[in-house]
Amino acid sequence: MTQLSRFQLWVSYFWIVLVVCYEVNYVLQNYNNEEDAVRGETAELDAAFGVAMAMMTLLLSGFMTVSHMHEGVKATVVGSKIEGIIIALVLTFSVVSCALTTGPARGLAVDRYGGLIHGNMYYLSWFAFANGLYLASRYLNEVYGINFVDRVNSQSSTFSYWLMLLISSIIIIAASVELRSTKCA
């Protein structure tokens with residue numbers, strides 16, 4: 001299987017975040033419907049904050065995409081600590097975006113019953129997060145020689161399965177705690 005270059009990852013990240021930004025902006029523009037009125041006053045604030053997170057991520061990923069194409073900027077930014085800092089910022093924004101988008105009670109992509117109403121926003125926010133993790137892994141491998149994939153695979157044959165179980169359990173626990181505090185309180 002051919003690995004994607006960091007340029008290809010930045011381009012895909014840019015397009016994913018562009019769709020998420022459009023969807024979050026759509027939710028903000030159409031705030032005045034009954035669904036958001038039921039969710040409370042914080043729904044509009046969450047939507048505005050979601051637009052801010054998506055826009056900052058879009059600007060950073062757009063900057064990195066252009067940096068890979070422009071030789072002068074490429075020499076300064078690509079493969080340097082600046083790119084590492086931008087990847088860390090993008091991952092932070094992705095985590096916040098996932099929390100705002102997919103929360104069962106106040107999530108921008110779910111209705112008041114926890115049903116999915118904006119599928120593109122819901123799934124692409126998680127895909128952007130996963131793409132950001134892969135981008136960080138590729139950056140650490142290419143710049144510092146740290147290869148997480150080989151390290152995990154060399155530990156044991158079942159370690160990666162246990163790691164995936166741990167990560168998915170943490171996500172489910174966080175969603176369950178939020179759901180319980182809103183539905184059972």
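Computed from heavy atoms alone, side chains included, the values below leave out hydrogens, waters and symmetry copies. Start at 1 with the first residue, then count along the sequence.
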Show your reasoning for whether side-chain contact (heavy atoms from CB on, under 4.5 Å) applies to R6 and E83.
CA-CA 11 Å; R6 285 202 323 265; E83 184 178 12; 2.8 Å; yes
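- Judged by distance alone, the side chains of T101 and Y123 never bring a donor and an acceptor atom under 3.5 Å apart.
- The two residues A136 and L91 make their nearest non-hydrogen contact at CB-CD1, 3.9 Å.
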Residue pair F49, V96: steps toward the side-chain contact (heavy atoms from CB on, under 4.5 Å) verdict:
CA-CA 9 Å; F49 195 63; V96 172; 3.5 Å; yes
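- Of all non-hydrogen atoms in V73 and S67, the two that sit nearest each other are CG1-OG, 3.3 Å.
- In the hydrophobic clustering of this structure, L59 does not group with L9; members are Ile, Leu, Val, Met, Phe, Trp, Tyr whose side-chain heavy atoms approach within less than 4.5 Å, directly or through other members.
- W162 and I173 sit in two unconnected hydrophobic clusters of ILVMFWY residues. Membership requires side-chain heavy atoms under 4.5 Å apart, directly or through other members.
- Using bins of under 30°, 30° to 60° and over 60° for the plane-to-plane angle, the ring pair F7/H68 lands in the tilted bin.
- Across every non-hydrogen atom of A128 and V17, the tightest pair is CB-CG2, 4.4 Å.
- The closest donor-acceptor contact from the side chain of E142 to the backbone of Y139 lies at 3.5 Å or more, if one exists at all.
- Here the side chain of S137 pairs no donor or acceptor atom with the backbone of L133 at under 3.5 angstrom.
- Atoms OG1 and NE2, from T76 and H70 in turn, are 10.0 Å apart once rounded to the nearest 0.5 Å.
- Between the CG atom in L135 and the OG atom in S5 there is a gap of 10.0 Å [rounded to 0.5 Å].
- Within the 3.5 Å criterion, the main-chain N or O of V19 finds no donor-acceptor partner in the side chain of E23.
- Taking hydrophobic clusters as Ile, Leu, Val, Met, Phe, Trp and Tyr residues chained together by side-chain heavy-atom distances below 4.5 Å, Y22 does not share a cluster with M53.
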Can you check side-chain contact (heavy atoms from CB on, under 4.5 Å) on F93 and L58, steps first, answer last?
CA-CA 10 Å; F93 296 153; L58 186 68; over 6 Å; no
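- Closest approach of L124 and I16 over heavy atoms only: O-CG2, 3.4 Å.
- Linking Ile, Leu, Val, Met, Phe, Trp and Tyr whenever their side-chain heavy atoms come within less than 4.5 Å puts L18 and V66 in one cluster.
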Apply side-chain contact (heavy atoms from CB on, under 4.5 Å) to the pair S12 and N131, showing each step before the final yes or no.
CA-CA 8 Å; S12 66; N131 192 6; 3.0 Å; yes
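- A distance of 11.5 Å separates OG1 of T92 from CD1 of I87, quoted to the nearest 0.5 Å.
- Here CG of L60 is found 9.0 Å from OH of Y13. Values are rounded to the nearest 0.5 Å.
- No continuous path of ILVMFWY side-chain contacts below 4.5 Å connects M164 to I171, so the two sit in separate hydrophobic clusters.
- The OG atom of S97 sits 10.5 Å away from the CE atom of M56 when rounded to the nearest 0.5 Å.
- Residue C98 comes nearest to S125 through the heavy atom pair SG-O, 3.2 Å, listed as atom of the first residue, atom of the second, then distance.
- From I172, atom CD1 reaches atom CG of L165 across 8.5 Å, with rounding to the nearest 0.5 Å.
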